Amino acid sequence: MEEQRLNMVSQLQSRKILESKMIIEAMKKVPRHLFVPLNMKNRAYEDNPLQIDCGQTISAPHMNAMMCEYLQIEKGQKILEIGTGSGYHCALLAEIVGNKGKIYSIERVPRLAKKASKVLRVLNYDNIEIITGDGSCGHQIEAPYDRILVTAASPQIPEILIQQLSENGGIMCIPTGKQRWIQDLLVIKRHEHSIEKKCVSKVIFVPLIGKFGFKE
Ligand code: SAM
């Protein structure tokens, strides 16, 4: 599996999707095949999204890489991820921030949160906290966050998430748009007195379901 993983990374590098050393190292290290269902193990290093459990998906590796690049993550940062899913992207974030950083990751489906927690525990990640709940409201108790990564599409940018982003250059990456349609991947940067917003790509994500997302 290691050979396949290194091959996946070098493909992403040659496509210029993956450029930062810290992200390259993280993608070389995290065993993606442990985050997909057993019957998908042999497809874990293809550059495709895969079905996990409960009708949800693990994003394609290029999407994991792109979102990490857009977030410009630094060591020691505190990150909120919304949509834990398999836990794979969360493990990448944890590798990138290192042991002085911290990842809070929220998943609305209890079964997925439990499964992801188990894999992450087996892999000894002690800088991750998985929370079961509605991530469209964020996680006020630990705010502000240096970075917020939303891995499900929201009808609009939830204002409550902007409020939980550090006003000292905090960056959020979030897909927005209609359900089951091509959406905009937005990168939002918060400064003390202003917000910068940029659409960086067209994407298709599963819906963010919750109070400030889509209704169930
Ligand atoms: N980052 C994940 C990974 O590495 O496997 C992929 C996430 S998947 C594309 C989107 C996830 O968002 C699903 O697991 C879904 O249950 C979750 N989700 C949808 N609405 C949510 C909400 N309001 N709060 C938390 N999670 C939510």
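Just so you know, these numbers come straight off a predicted model, no measurement behind them. Note that these values count all heavy atoms, side chains included, but never hydrogens, waters or copies made by symmetry. Residues: numbered from 1 along the sequence shown.
T176 and Q183 are not linked by any side-chain donor-acceptor pair at a separation below 3.5 angstrom, with hydrogens and angles left out of the test. R32 and Y88 form no side-chain donor-acceptor contact under 3.5 Å, judged by distance and modelled atom types alone. Side chains of R190 and N168: no donor on one and acceptor on the other come within 3.5 Å. No side-chain donor from either of E107 and T84 sits under 3.5 Å from a side-chain acceptor of the other.
Between D126 and R121, none of the side-chain N atoms (NZ, or NE/NH1/NH2) sits under 4.0 Å from a carboxylate O, so this pair counts as no salt bridge. Between E95 and K28, no side-chain nitrogen of the basic residue sits less than 4.0 Å from a carboxylate oxygen of the acidic one, so the salt-bridge criterion is not met.
Atom CD of E3 sits in a sparse spot, with 12 or fewer heavy atoms from other residues, nucleotides or ligands closer than 6.0 Å. Heavy atoms from other residues, nucleotides or ligands lying under 6.0 Å from CD of E216 number 12 at most. Around the NZ atom of K100, the shell of radius 6.0 Å holds no more than 12 heavy atoms that belong to other residues, nucleotides or ligands. Residue D53 qualifies as enclosed at atom CG: its count of foreign heavy atoms under 6.0 Å is above 12.
A heavy-atom distance below 4.5 Å is found between the side chains of I130 and L120.
Using the six-membered ring where Trp is involved, H139 and Y104 have ring planes that are tilted, between 30° and 60° apart.
Closest non-hydrogen pair, S136 versus I160, comes out as O-CG2, 3.3 Å.
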